[in-house]
Amino acid sequence: MFKTNKPTQIREGQVDTMIGPQVVIRGDLHFSGGLYIEGRVIGKLVAQEGQPASLTLAENGSIEGEVRAPIVVLNGELNGDVYASERVELAAKARVQGNVHYKVVEMTAGSMLTGRLIHVDAHTAALAAPEALITADALMD
């Protein structure tokens, strides 16, 4: 009889909130829906539990802090760990310093990760290797 307007999924490229190129946010940010960042965030970005959410970091955007969201698409600079319960995409201009915890990962040639790729189902005992610089170009060889 009554219909809720809450979506059960995020559409590809959906933007509900945008942080523009001239904006700097200092502090933790909790969100749901599609968050698109062209500016700078200094603090944690955490998707609300049980809500559909995606975070997209634009080429000129930057984040200094931890990111927790189901879907994370990176094309800018991120200094911090990423926890993606569904999917992580590292686009060509992505520069990540930190560990990436993922279920599914996609890396485009040119993206760079200084840290570890950690599958969410992997055992921590298998992670004893030292940190390494991983580039998509090296993976293509």
Side-chain angles (χ1 to χ4, degrees), residues 2-141:
F2 293 102
K3 204 173 189 182
T4 61
N5 290 334
K6 289 188 177 183
T8 57
Q9 288 186 331
I10 295 289
R11 292 184 324 273
E12 186 77 26
Q14 177 178 331
V15 176
D16 297 306
T17 304
M18 183 172 130
I19 297 172
Q22 304 301 318
V23 177
V24 177
I25 294 179
R26 296 178 193 275
D28 297 347
L29 182 64
H30 296 263
F31 69 97
S32 63
L35 174 60
Y36 188 83
I37 301 172
E38 290 182 342
R40 183 175 179 203
V41 176
I42 303 166
K44 286 183 185 179
L45 290 163
V46 181
Q48 291 180 359
E49 195 71 34
Q51 296 291 316
S54 70
L55 180 142
T56 302
L57 179 63
E59 182 177 336
N60 294 318
S62 70
I63 299 171
E64 294 176 38
E66 184 178 287
V67 172
R68 290 183 180 269
I71 300 170
V72 179
V73 179
L74 303 172
N75 199 27
E77 186 174 330
L78 177 110
N79 292 311
D81 290 347
V82 176
Y83 297 86
S85 59
E86 291 180 25
R87 177 171 49 101
V88 174
E89 292 181 30
L90 301 175
K93 302 286 184 174
R95 300 289 179 261
V96 179
Q97 289 191 332
N99 297 325
V100 176
H101 302 256
Y102 68 94
K103 189 171 185 179
V104 175
V105 65
E106 177 183 333
M107 289 182 75
T108 302
S111 61
M112 186 170 35
L113 168 65
T114 305
R116 294 181 179 162
L117 285 171
I118 303 168
H119 191 267
V120 292
D121 294 334
H123 297 284
T124 56
L127 302 176
E131 286 191 38
L133 175 65
I134 300 173
T135 65
D137 292 337
L139 296 174
M140 303 289 275
D141 291 330

Could you tell me which non-hydrogen atom of [X] sits nearest to which non-hydrogen atom of [Y], and how far apart they are?
| X | Y | result |
| --- | --- | --- |
| Ala53 | Pro70 | O-CD, 3.4 Å |
| Gln51 | Ser32 | CB-CB, 3.8 Å |
| Val120 | His101 | CG1-C, 4.3 Å |
| Asp81 | Asn99 | OD1-N, 2.8 Å |
| Lys103 | Glu86 | CB-O, 3.4 Å |
| Ser54 | Phe31 | O-CE1, 3.6 Å |

Got a second to check how far [X]'s [atom1] is from [Y]'s [atom2], nearest 0.5 Å?
| X | Y | atom1 | atom2 | result |
| --- | --- | --- | --- | --- |
| Arg68 | His30 | CZ | NE2 | 11.0 Å |
| Thr17 | Leu29 | OG1 | CG | 8.0 Å |
| Glu49 | Ser85 | CD | OG | 8.0 Å |
| Gln97 | Leu78 | CD | CG | 9.0 Å |
| Asn75 | Leu57 | CG | CG | 7.5 Å |
| Lys44 | Glu66 | NZ | CD | 5.0 Å |

Practice task
State whether the side chain of Asn60 and the backbone N or O of Glu38 hold a donor-acceptor pair below 3.5 Å, judged by distance alone.
Solution key: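 Side chain of Asn60 to backbone of Glu38: no pair is present.
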Handout entry: Side chain to side chain, Leu55 and Ile63, heavy atoms closer than 4.5 Å
Key = yes
Practice task
If the plane angle is over 60° it's perpendicular, under 30° parallel, otherwise tilted; pick one for Tyr102 and His119.
Solution key: perpendicular
Problem - Option passing side chain to side chain contact (heavy atoms under 4.5 Å, CB included) with Leu74 (candidates Val100, Leu113, Thr56, Leu90) - result: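 Of all the options given, the one that passes is Leu90.
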